[in-house]
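Numbering starts at 1 and runs along the sequence shown. Values reported hereafter were calculated over all heavy atoms of this structure, with side chains retained and with hydrogens, waters and symmetry mates removed.
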Amino acid sequence: MDPAIFEASQWVKEARHAIVFDGAGTSVESGIPHFRGEGGLWNTYDPAFLSIDYFTKHPGESWELIREIFYRHFSGTRPNEAHRSIARLWEKGYIKSVITQNIDNLHQRAGTETVLEFHGSSEILVCVLCRNRYRVSDIPMEKLPPICIQCDGVLKPDFIFFGEPVPSGVYEESLREVMKSDLILIIGTSGEVFPACHIPYQGKKNGAKIIEINIESSAYTPEITDIFLRGKATEVMKQLAGRLL
Ligand code: NAD
């Protein structure tokens, strides 16, 4: 047994309010690539298509890429062992909530019910005019852009585009959650996306311990990480949960 896994599991066991803060790395082994660096989405696609300015001016073109990445490429993906281990730890009360930068709904599908979606969700489409909301499965995608059934406005995925603010309330709610926490598991995030990246620093300042899981060091590692567990989220979380369940 890796002594670091052993110590980390003890910390989870003893924590009063442990939470997860995660990013794209958690879902990589479900087949959803991360954005930056080797194997990242931005090596294949131009992120400019996902700016709110571009979307507003060219919704049809922007939607071609959105459909390709988020609704064709992502469709058929399933929660992996990391999502499932987190859900089991949540069910047993070891983890109180998940603050995720991911928009893929995989934590909820694995069974975790207290998920704060910092960047919104790809499951929901919202009308840019009347703000009506739809489940993506209820809207045909053959003709782009998809249109609101009520008012003919353009529908936009309910996740944030470059140049858009974080959804109202979620930043404050995440901060409240992090200030309650005495242990944060940071999983699969580079710590470079503003303003989400600030969340764990606030927890650390408030006295929370930090366990980090990543295949490589992140912006957090030299700054706030107490225990660094190097490895794939699936493998490390399986080992960690295995010590506790
Ligand atoms: P990022 O692309 O900046 O960083 C991903 C991190 O995951 C890196 O630190 C990398 O080393 C790590 N990683 C890669 N594979 C891993 C694995 N198997 N196990 C553990 N760690 C692994 O991603 P980010 O920090 O989450 O920020 C990018 C933004 O992109 C976020 O805002 C998020 O909303 C969005 N995004 C979401 C999804 C998704 O919903 N699944 C996918 C890509 C990007």
Side-chain angles (χ1 to χ4, degrees), residues 4 7-28 34-37 82-83 85-87 89-90 93-108 110 112-121 158-230 233 236-237 240-241 244:
E7 191 177 9
S9 67
Q10 285 300 114
W11 284 14
V12 174
K13 198 171 179 178
E14 288 159 13
R16 183 182 34 77
H17 196 99
I19 64 169
V20 166
F21 174 82
D22 80 342
T26 310
S27 296
V28 164
H34 54 125
F35 278 178
R36 289 169 196 74
H83 302 106
S85 296
I86 291 166
L89 291 171
W90 174 83
Y94 287 114
I95 286 172
K96 302 293 186 218
S97 64
V98 173
I99 302 171
T100 189
Q101 297 166 83
N102 295 341
I103 55 171
D104 54 29
N105 204 38
L106 292 180
H107 284 298
Q108 293 93 327
T112 303
E113 289 174 17
T114 46
V115 182
L116 290 168
E117 294 175 303
F118 205 87
H119 291 151
S121 170
D158 195 26
F159 55 76
I160 61 167
F161 283 30
F162 296 113
E164 276 194 302
V166 166
S168 61
V170 78
Y171 189 84
E172 289 74 15
E173 219 181 318
S174 300
L175 265 187
R176 271 199 297 279
E177 192 53 25
V178 97
M179 296 314 251
K180 275 194 248 163
S181 72
D182 56 350
L183 179 66
I184 305 173
L185 282 87
I186 301 178
I187 308 173
T189 178
S190 59
E192 287 169 9
V193 178
F194 181 83
C197 61
H198 286 314
I199 293 288
Y201 291 103
Q202 300 298 329
K204 179 73 175 183
K205 252 196 238 163
N206 197 43
K209 291 182 192 167
I210 308 286
I211 298 170
E212 184 179 8
I213 298 161
N214 202 311
I215 52 169
E216 59 186 32
S217 53
S218 74
Y220 299 118
T221 319
E223 300 291 332
I224 56 170
T225 299
D226 296 303
I227 298 179
F228 185 77
L229 303 174
R230 187 181 296 274
V236 177
M237 282 313 299
L240 200 57
L244 293 161

With a 4.5 Å cut-off on side-chain heavy atoms, are [Y] and [X] touching?
X    : Y    : answer
I19  : I99  : yes
L244 : S9   : yes
H83  : M237 : no
W90  : V98  : no
W11  : E7   : yes
K209 : K204 : no
N214 : T221 : no
V12  : I211 : yes

About how many Å separate [atom2] of [Y] and [atom1] of [X], when rounded to the nearest 0.5 Å?
X    : Y    : atom1 : atom2 : value
Q202 : S181 : CD    : OG    : 11.0 Å
Q101 : S190 : CD    : OG    : 7.0 Å
L229 : E212 : CG    : CD    : 9.0 Å

Determine the minimum heavy-atom distance between [X] and [Y], stating which atoms define it.
X    : Y    : answer
D226 : A208 : OD2-O, 4.5 Å
F161 : E164 : N-OE1, 2.8 Å
I186 : P200 : CD1-CB, 3.7 Å
I213 : A233 : CG2-CA, 4.1 Å
T189 : S218 : O-CB, 3.5 Å
A15  : A18  : CB-CB, 3.9 Å

Should L185 and L240 be marked as a side-chain contact (heavy atoms from CB on, under 4.5 Å) after you check the CA-CA gap, both sets of side-chain angles, and the distance that decides it? CA-CA 11 Å; L185 282 87; L240 200 57; 3.8 Å; yes
For the pair R176 and E173, find out whether any cationic side-chain nitrogen is under 4.0 Å from an anionic carboxylate oxygen.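 No, R176 and E173 are not salt-bridged.
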Donor-acceptor contact below 3.5 Å, side chain [X] vs main chain [Y]:
X    : Y    : answer
H119 : F159 : no
S85  : A82  : no
D182 : R16  : yes
N102 : A24  : yes
T114 : K96  : yes

Can you say whether the rings of F21 and Y220 are parallel (under 30°), tilted (30 to 60°) or perpendicular (over 60°)?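 Answer is perpendicular, since the angle exceeds 60°.
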Could you give me the CA-CA distance, side-chain angles and deciding distance for T100 and D22, then say whether side-chain hydrogen bond (donor to acceptor under 3.5 Å, both in side chains) is met? CA-CA 5 Å; T100 189; D22 80 342; 2.5 Å; yes
Let me see the working for T26 and H107 under side-chain contact (heavy atoms from CB on, under 4.5 Å), right down to the final yes or no. CA-CA 10 Å; T26 310; H107 284 298; 4.1 Å; yes
